[in-house]
Amino acid sequence: GPFSDAQRFTRVAPPPARAVIPAMPAAGWIKVEAPFEVQIFEAGQLVGSSASQRIMLPAGGHVLELVNAALGYRAVVKAAILPGKLAPVVVDTPRAPVAINAQPWAEVLVDGQAHGDTPLANLMLPIGVHQIVLRHPDLGERTETVTVRANGAKLPPAFMHGLEHALATLRDMPSAKVESTPVAKLH
């Protein structure tokens, strides 16, 4: 025909390549670091727990409520989430007063650290679970696991005032320890 092969097949150049700019992520993460587990709420909705490695939230400012109902702990924190970034949220451990007494007197150890002899009033301990040992030179020792809540802890009367009877029983079994969990439930 009238067209040569060269004219019949015209090459069409591809359109110029457009630079593809990835969209910035519209979210970031928080990591809550706490000495005890907390649930994380925003506007009354559960968004995660401190047990998670990280929790994704939309970029921007957030008001978060950290809660551990068993310890009576509740705190409000502000977090600024940057796109694609991890924002650490560190929980300071509150302390609460604990009163410890025994008849007869006893040396008090909390988590292995000596705190003096009974009676102890308003011993400030971090909230959480603690091992309390009452030790008497003649009667031996008694151990209890106690949960200290944000509003304090109360040791059971049998622990505070029944030391002589409890330790007299343990004298014959030096390796025995009396433990109970939990020992203090406050309302």
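Please read all numbers here as calculations on a predicted model, not as lab measurements.
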Checklist entry - Under 4.0 Å between a Lys/Arg side-chain N and an Asp/Glu carboxylate O for Glu33 and Lys31? => result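 Looking at Glu33 and Lys31, the cut-off is not met.
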So if you build clusters from Ile, Leu, Val, Met, Phe, Trp, Tyr with side-chain heavy-atom gaps below 4.5 Å, do [X] and [Y] land together?
X: Leu57; Y: Trp29; answer: no
X: Phe41; Y: Val38; answer: no
X: Val89; Y: Val67; answer: no
X: Val91; Y: Ile30; answer: yes

Between [atom1] of [X] and [atom2] of [Y], what distance do you get to the nearest 0.5 Å?
X: Leu134; Y: Glu144; atom1: CG; atom2: CD; result: 8.5 Å
X: Glu37; Y: Asn68; atom1: CD; atom2: CG; result: 7.5 Å
X: Leu71; Y: Ile127; atom1: CG; atom2: CD1; result: 5.0 Å
X: Ser49; Y: Ile55; atom1: OG; atom2: CD1; result: 6.5 Å

Please list, one pair per line, the donor and acceptor atoms closer than 3.5 Å that link side chains of residues 107-115 to other protein atoms, with sequence neighbours excluded.
unit_1	atom_1	unit_2	atom_2	d
Asp111	OD1	Gln131	N	2.8
Asp111	OD2	His130	ND1	2.5

What's the shortest heavy-atom distance between [X] and [Y], and which atoms?
X: Gly116; Y: Leu120; result: O-CD1, 4.5 Å
X: Met124; Y: Arg95; result: O-NH1, 3.1 Å
X: Ala87; Y: Ala80; result: CB-O, 3.9 Å
X: Val148; Y: Ala96; result: CG1-CB, 3.9 Å
X: Ala27; Y: Met56; result: CB-CG, 3.7 Å
X: Leu64; Y: Ala79; result: CD1-CB, 4.1 Å

Item to check | With Thr93 via side-chain hydrogen bond (donor to acceptor under 3.5 Å, both in side chains) - residues at least two apart | outcome: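 For Thr93, no residue satisfies side-chain hydrogen bond (donor to acceptor under 3.5 Å, both in side chains) once neighbours in sequence are set aside.
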Checklist entry - Taking the side chain as C-beta and beyond, is there a heavy-atom pair between Ile100 and Pro119 under 4.5 Å? => result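 Ile100 does not reach Pro119 side chain to side chain.
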Item to check | Sub-4.5 Å side-chain heavy-atom contact between Val129 and Thr145 | outcome: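 They are in contact (side-chain heavy atoms under 4.5 Å apart), so the answer is yes.
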Checklist entry - Mind checking whether Trp105 and His136 have parallel, tilted or perpendicular rings, split at 30° and 60°? => result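 It falls in the tilted class, 30° to 60°.
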